[in-house]
Structure formats: C-alpha cells, structure tokens
Amino acid sequence: MRRSLAVLTTAALAAGLLAGCSPSDNPPTQDNSSAPPPVTATITVWADATRTPIITAMAAQFTADTGVAVDVVQRDFGSMRDDFISQAPTGQGPDVLIGAADWTGKFVQNGVTVPVELKAADFSPVAIEAVTYDGKIYGLPYALENLALFRNPALAPETPATMDAAIAAGQAAVAAGSAKYPFLLQTPREGGDPYHVYPIQTSFGAPVFGSTANGYDSSDLAMCGPEGQAFAAYLAKLGSEGVLATTMTADITKEAFVNGESPFIITGPWNTADFQAAIPDVAIEAVPSAGGQTASPFVSVQAFFISAKSANQIAANQFVVNYLGSKQAQLDLFKAGGRPPALTAAAEDPAVTGDPAMAGFAAVAEQGVAMPNIPAMDAVWGDWGNTESALIDNQGDPAQLWDAACASIKEKIATS
Amino acid sequence: MPQVVIAAEPASGEPSSRLRRDSHSTLWTKGFVAKLVLLAMADALGLYGVIAAWAVRSWPILAVLIPALLAVNIVYFSRRLTPAKYLVPGLVFLLVYQVFVILYTGYAAFTNYGDGHNSTKADAVEAILAQSAIRVEGSPALDLAVLRDGDDYFFLVPDGAGGALIGSDGEALKAAPGARLEAGRPVGLDGYDTLSLGDIIAQTAVITAMAVPCSDDPNDGVLKTPDGAVAYAYIPTLLYDEAAGQLTSQADGAVYADSGEGNFISPDGTVLQPGWKTPIGFRNFTSIITEPSLRGPFLGVLAWTFVYAIGTVVLAFAVGLSLALVLNHPSVKFRRLLRSLLILPYAFPAFLSAMVWQGMLNPQFGFVNQVLLGGRWVDWLGEAWLARATVLVVNVWMAFPYMFLICTGAIQSLPAEVEEAARVDGAGWLRTFWNIKLPLLLVSTAPLLISSFSMNFNNFNSIYLLTGGGPLAQPTDKAGATDILISFVYRLAFGGVNRQYGLACAISMLIFIIVAGISALGFKRTKVLEEMN
C-alpha cells in the first residue's frame, strides 16, 4: 500500500513539476541561490535504535541541500536482515538500510541490493573487503567494530605477551586474592559464542574460510585440519582448568570485570563506556596470541545498503554515496556511534585519533580480518558454537568433536 | 445495529411506519449516525485499498477486496440479515488473520521460497543483470548533466579535452559543439533543458534505465548513472533474451536457460544467483520423509512435543484448580491478596519470564543453585531428562495462573445446591469433588484446555528462550532433548546456508493438521460431556 501511495504521489509530483516547469523552460535555470529546494521525494531508511536519532539529525541537512526528505524508521537490528530480504521484493521495504556488512552475500544471493560506485582507495581495506561480493561493492561502509582485550592495570600491570602469560597473571591475581576469575570470555552454553572466541582460534592459524582473490571461499573450510584440532585441544584445556566455563554469559562477564573481579576480558566497544567509568585507567590492547600466530578478531563493518526495489534509486544514491560517504558525515556518525570510521580521511581526523579507546580499537582492527560475508557463513555458526561449548565442557575427545563439527558444516554447505 | 430500528419503532408511533422505514433517512438516531460514520470509515479504508491494489496491479487482492466491501455494505444497510450484522466483523478478521495465513502457508509449502528464491523471475533477471555489469577497466567517473528535449533525455559528459559529448539511450555519444562547461563540469547545451536534481529525482525510473553507448563499438561499454550526477561506463557480461527467457554470457557465449526449478543454469551446471520463487510440487513434503536428518529425530521430537503439551496442560490445570479450590474456601484469609499474587506470573510477558528463569537456573551463578541450594551444582538445563523436567516445570509456572483464573470463575458459577444435595446424600468432600464438581467444571473448561493444548504444542518461545531446544547429546545433532516440533523446524529450515521457508511451511502445515485434528476430536468429546450433564 505504501508503495502505491508513493506511486501516486510521484505521479502527482511529476505532473506538478512538468506543469510548473514549462514557463521557466526557455532560460536554463542557473540560479544557485541558497533557498532550499522543494521536497521532491522521500526515501525511507531502516536503522536500529542507536542510529535512528543520528540519521534523523543528519538527514535534516541532506533534505535542506537536496530537497529529498528522509523518513527514518527504527527497526530491531536482530531481525532487520531477514525482514529486509523478505519485504524488499514486495515493494514494502525501505530505500536504504543500515546493517552489518556480513549481510552482503545474503542480499546479493536474494537480489535485494544493488552495487554502488565508491572510490575504494578512500576507505579502509578491511571495510571494502567486507562490502565486496564477487568482485563488486554493494554498500557504503561507515564504521568498523571489533573485539579487543581490556586489561585492568590494578590487577595486571603489564601487557601480556601471550594468552598463557595473561592466564598465568590472572591465576596469580586469583591466588593472591585480589581477583576472582583469571580471565573473562563469554561462552554461553547454548550456541556458544564463536565470535568472541575467534581471536584465540585464528592465533592457531585456523580461520573459518580460506580466501581467494575474490574473497572468502565457501568450498575451503580452513578451520578444519590439524590447526583447528590444536585450537580445539587448547579450548578443552582452558575448560578443564576452569579458565573458561559455559556458565559465563555476556552479563556475568561484564559485571565481573566492572566489579574488578578479573584482570582481563575480551569484549567489544559497546562496553567501553561502562568499563571506563568503573576503571578509569582500563587499557585496550590486542588479544594476545595463544597458538603462536596473530590473534585476529573479526572486524564487523557497518554499512548502508540501497534496496534493489527502491523507486528512488537516484535519491538513495545521493544520500548514501555522496552524502554519508563524506568526511563530515562519517565524523558525525563517529561522534554519535563511538566506532572508528571506515573512511580513511575521517579515521585520521584528530577527533578520532585523539580518543585513546578509539585508537586502541583501531590498532587491533589492523590485525583483524573481515567477517565473512558469504551466505555459507550461516551454516557455520550453529555447529561451530555448540561444539566450542562441548569442548569447554570437556564432553569428548577434542579432535573428534572438532572433526564432527567440520563434517556437519561441510555437509550443510554441500547440500545447499 | 438492528436495535436502532427497534428502538426507533415506538418513537415513530404509527403502524404505517413499517412502510416508510425502507429509507433510513427518516431515522437520524444516534445509533444510525454512529453506524454511518463507522461504515463510512470502513468504506474509505476499503476504497483506499482498492485504489492501492489497482495501482500495483494486485488483482487477487482486488478480487477479494471488492466483494468483501460490497458484502459489508449490503449486510449493514439491509433490513434483514440480522445475524450477519453480528458475525461480519469477526468473519472479516478470521479471514484476514487466520484463513488467509493458513492458505498462504499452504501455498508457500509447495514452492521453493527461501534464500536465493525470494521473488519473481523478472526481479531475478533485473538483479542478475545489475550484478553482472562490470566497469570498463580504467574508465573514469564522468561528471554528468542530464538534458531534456521534449520527451527525450540525454547525457552530457566532458570529452576530456575541454568540450563535451552528448548521447541518449541506445544512441552513441557524439560531439556536442557549444556545450557549456563550468570548471570542467558540463552544465548545458543550447536547444536542451538541463534538469535540476529535483527534476532528475522525479524522473528516476527513466534516467536510471538509460544506457548510453560510449561509441559504436560495444566493447567500449555503455554509460549509466546511479545518482544523476556522475556517469560510469559498464560492459554487460550477460544479455537477456526476453523471447527465449534465457541469459547469454558475452564472454564465452554460454547460455543460461531456465531450469524449471526457479533459476538459470548453464549446460555445465553453473547456476546464476538469484533464482526466483516457483512451485515445486510435493518436494518439500517428500523431503520430510526422505531426508535422513529430518526422519531420524522426527518421531522422538513428536513424542516429546505431545508429552510437553499434554503435560503442561494437565499439570497447570491441576495446580490452577487446586489453588482455586483452596482460595475459594471461606476460611482462607487474605483471599483477594493471595489471588492477585498468584496471577502475577501471568502478568509478565512469557518471553521475559523464560529469560529470567534461564538466568536463575544458571548452574554456577543462578539464584536457584546459589541461594536456594546453598551453592550446590545442579545442571538444570544441561542434562537431557532434568532439562525436560525443568522446562515442563517452568512452563507450568507460566501457564497455571490462566488455569487458576478460569477455574476460579468456573467454581464460583457452580450452583450451590448441587454441593448441598451431594452433602445431604452423604457424599464426602472427595466424592463430591470427583463425581460432581470436576465433571461440571470440565464442561465449561474443556474447550479452554484444548486450546491451551494447541497453544503449547507450538510454544516456541518458552523452549527457544529457555534451552534453545538443547541440550544436544552431540554438538552437531539435528535435534536437542527439549526440542518440540516447531523449534526443530526452526533449527532445520533456518540452520543451514539458506533459510528454507518452503520447507518450514510444509512442516508447519503438518503441525497444523495434527493440532487441528486433535482439537476437533477434543471438541467432539466436549460435546458428549455437555450432553451427559
């Protein structure tokens, strides 16, 4: 219904414009006066609760500049991807959507988004990788988000060189009675949390997928093999030592760190403010390596996508590429969102580099890897997480559990 | 609405009024005005729907909406059809929210609807063409002015040597002598109007569809603009042949033909993404039988679903009824307060309760183990049978207030004589309850118990939020110990690479048939019960 209304409105507007234009047709309009142009179109943007007010505020300037009204609709982030995929073909979806770049593959697979033209060199490489699918760029990246190690200097004065050193320092703090937990990492039992455990996994050289020049390769499940088995054995060891436990949920780990009950926690920028309030000198550092190689967290990139079924492609492109891709817009989004901007010019601005927390996360992001945006990733999470929980709970031989997970994931990908 | 007429009858006062009353215009009572207003609103909404459906060429909606609108008007303006006046609103909502949903689910069960098969063939072709066009290597982004001459639109781009080129859809770029440029950016050409951004946006459909050949050589590509301000040169790698309904690769001449299964496929088996939604017959249903990952756990899950649904209803009814009986006894003090307290679990949203329970049952940090059991380790949701018992208990906790409410109401409406007569006849308390009160209570509560059963048969929230269907015997198992059919379907249809809505709909239809069958049987038995009394 909304679309039909838009059709009618557009038709009416077009008629009005044509009629209105005829007298001024002869002298080509050259007036670049400052009077705002009349509203000629409306684009609908889906955003989550945190970003709705930011986009609304930023859109006011865009409307004044271009005469395109922006209607920001607040949606639940968790269901936005699937809602967009099912609603876009009906014409009921939005023109523009704010989402995670790892949705790109699903959007392309369903034909609901269109490629955009960006100057790729202007953006952080990992951000461009995240929105690139099959060699084409599908979204405007605007912020990077990744995990890091938060360290409480009162309990662990030194940056740990390795994961084992961190755990040893934590255990020493527990033995001394100044802490309750040697190391905090959320690993809830149901479904696990492979996203949070991933830096440990990559430090064993076991990324989920191998890559080709064209991005991640769904036929190459690189986490399988001896590297993955070594990681599985390590996870089981941490479980049997009581360092990790499947009773540790996100809430429990966060509260424990805020209360000064542990020197270390692996978590993301969403907890920065609460941690800094509780522990003013909290340090944000790279996750130490457990397996000898770089501990690379996933870098999840936030991006704007344009609907393939938008009747306002031009207005949507103007808004996303030309307006939100500008340095000022990316800085505004940074100020409101607290995540390093994807546009290099904005990321190098003193407003960003002068923020120690941001600098910390940005440094860790440099050793991070783009979250896979291929549809096959959907088949990985379930078995992957449940198997990590089983490993932490010591429910069997680590290598066997890991191989079983690999076999199950491979079968799911093969039968899709 | 008919009361309006009846109420107006004595006011008119004359017997001949029956003849004059064929026009309502004489009866401007409050009720009639209210009816007019309400109907006018319904008609306006309906008419808007008709126009909207017309605008998007949605004929099925029109075919339903117009008769429905006519029917509503006939029913309420007619002097007869009194029962229909009461039934129509309910029927409309039943059709929209129940019948339509069931029919649509039934339809989707016979399609391949899901990831990669999301829309129509036309949409798929459009998406494939957009995804397959590649930028001409090394081609610059060209500042663009969109020009108009009458109904024709033109692209004006710089030629890189201080001049400009003009071209239109299908007509290659050629020199545009006399073009005006400002700082290298073309702004206009005599004889043409330059479109402002507002004009361009108003003509989005036309301008985004324009493909201006860069030269007569197709290898130079075509200019297209995504934003009306900059043009880029693309080479299409696939061409669509509308008549044959197939795509041809420009590079190697490979033909991607319609496979009949909702996608384009080349002779060597390469499939293009996306595909489209298309009927696939009974394949979703047969895969329930043939797919080993489905067949294996299906019976176990089905059995547990029955235990869970029946167990919840029986236990919650027992708890609710006992409490209702106790709190109905005059000797209990603070009855009103206790009743209000007992209804509390019902006042919390079920999903919130489930999540709070999950936190309280955390074996290490949960309230139950820490406070009630003094720090003992009981893994409430981690062992198969204990987890089953726990979800049942938690679900009973969430369901009993409802049973308590309906039982309290039913007990209070039991005639006191019955109990008195039983006592006079020398029946004890237990006998009175078992032989007299319970059967009478069941007459009024049985339909609610049946609907409660069907609700719990599909009680996705409490399972999903409490255990997620787990615990799993092996981390890669297809079903967990507490998975009921609906959570099992969710895991299956949405746990792989692609979300398979068609498969989910097919299993949902089976669940619907089971629940509907049992409910029908149950209601039949209730009738027998009613007749008995």
Side-chain angles (χ1 to χ4, degrees), chain A residues 1 3-5 7-8 10 13-14 17 21 25 28-29 37-38 40-41 66-68 82 85 89 91 106 108-112 114-117 134 136 189-191 245 247 252 308 311-315 317-318 321-322 375-376 378-379 382-383 386-387 389-390 401 404-405 408 412-413 416, chain B residues 48-49 51-56 115-116 118-120 123-124 126-128 130-131 134-135 141 187-188 193-194 196-205 207-208 225-230 232 273-274 359 362-365 381-382 467-468 470-472 474-476 491 495-499 501:
Chain A
M1 293 223 185
R3 181 175 175 211
S4 60
L5 193 65
V7 169
L8 289 175
T10 322
L13 275 169
L17 277 169
C21 276
D25 269 351
T29 43
T40 51
T66 61
V68 175
D82 294 350
I85 290 173
K106 278 275 151 164
V108 177
Q109 181 196 19
N110 286 301
V112 292
V114 287
V116 295
E117 290 295 344
D134 225 357
K136 285 194 95 92
R189 176 159 50 204
E190 185 54 39
T247 50
I252 291 170
N312 290 305
Q313 294 286 347
I314 289 180
N317 255 288
Q318 287 273 353
V321 180
N322 301 359
D378 267 26
D383 288 333
N386 283 324
T387 298
S389 289
L401 284 172
S408 174
K412 282 179 186 170
I413 293 175
S416 70
Chain B
Y48 169 76
I51 295 169
W54 182 272
V56 296
D115 273 337
N118 194 39
S119 189
T120 61
D123 280 351
E126 198 181 312
I128 290 170
Q131 289 165 13
I134 51 167
R135 277 281 291 279
V187 290
D193 305 323
T194 304
S196 70
L197 181 59
D199 298 339
I200 291 172
I201 287 169
Q203 296 301 326
T204 294
I207 290 163
T208 49
T225 179
D227 62 358
V230 185
Y232 304 90
Q273 294 274 22
N362 183 314
Q364 192 179 356
F365 305 98
L381 300 173
T467 63
L472 301 164
Q474 288 299 317
T476 48
R491 208 191 274 268
V497 175
N498 299 322
R499 286 159 315 135
Y501 290 115

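No experiment lies behind these values; they were computed from the predicted model shown. Order of the sequence lines sets the chain letters (A, B, ...), proteins ahead of strands, with each chain counted from 1. Note that these values count all heavy atoms, side chains included, but never hydrogens, waters or copies made by symmetry.
With chain A as the partner, the residue from B:Pro363, B:Gly468, B:Pro274, B:Ala127 showing the most heavy-atom pairs under 4.5 Å is B:Pro274. Highest contact tally toward chain A, considering only B:Ala229, B:Ala124, B:Gly382, B:Ala205, is held by B:Gly382 [criterion: heavy-atom pairs under 4.5 Å]. Of the listed residues (A:Asp378, A:Asn322, A:Ile413), the greatest number of heavy-atom pairs within a distance under 4.5 Å of chain B belongs to A:Asp378. Interface check for chain B: of the options A:Ala315, A:Gly382, A:Ser389, the most heavy-atom pairs under 4.5 Å are formed by A:Ala315. The candidate from B:Pro226, B:Gly228, B:Ala141, B:Ser119 with the greatest count of non-hydrogen atom pairs under 4.5 Å with chain A is B:Pro226.
Only the side chain of A:Glu190 comes within contact range of chain B, with heavy atoms under 4.5 Å apart. Only the side chain of A:Val112 comes within contact range of chain B, with heavy atoms under 4.5 Å apart. Interface remark: B:Thr120 contributes no atoms to any contact with chain A (heavy atom separation under 4.5 Å). Using a 4.5 Å cut-off between heavy atoms, A:Ser408 contacts chain B through its side chain alone, with no backbone atom that close. Within the 4.5 angstrom heavy-atom criterion, atoms from both the backbone and the side chain of A:Ile85 approach chain B. Proximity to chain B (any heavy atom under 4.5 Å) is restricted, for A:Pro115, to the side chain, taken from C-beta onward. Using a 4.5 Å cut-off between heavy atoms, B:Asn362 touches chain A through its side chain atoms alone. Using a 4.5 Å cut-off between heavy atoms, B:Leu197 contacts chain A through its side chain alone, with no backbone atom that close.
Residues A:Lys106 and B:Asn498 have side chains in contact (heavy-atom distance under 4.5 Å, counting atoms from C-beta outward). Using a 4.5 Å heavy-atom threshold, the side chains of B:Pro471 and B:Leu381 count as separate. Residues B:Asp227 and A:Val321 have side chains not in contact (no heavy-atom distance under 4.5 Å, counting atoms from C-beta outward). A heavy-atom distance below 4.5 Å is not found between the side chains of B:Thr194 and B:Val187. With contacts defined as side-chain heavy-atom distances shorter than 4.5 Å, the pair A:Ile252/A:Thr247 does not qualify. Contact check for B:Gln131 versus A:Asp134: no side-chain heavy atoms found under the 4.5 Å cut-off. Between B:Gln474 and A:Asn386, the closest side-chain pair of non-hydrogen atoms is not below 4.5 Å. For the pair B:Gln273 and A:Val108, the minimum side-chain heavy-atom distance is 4.5 Å or more.
Heavy-atom minimum distance, A:Val114 versus A:Ala308: CG1-CA, 3.7 Å.
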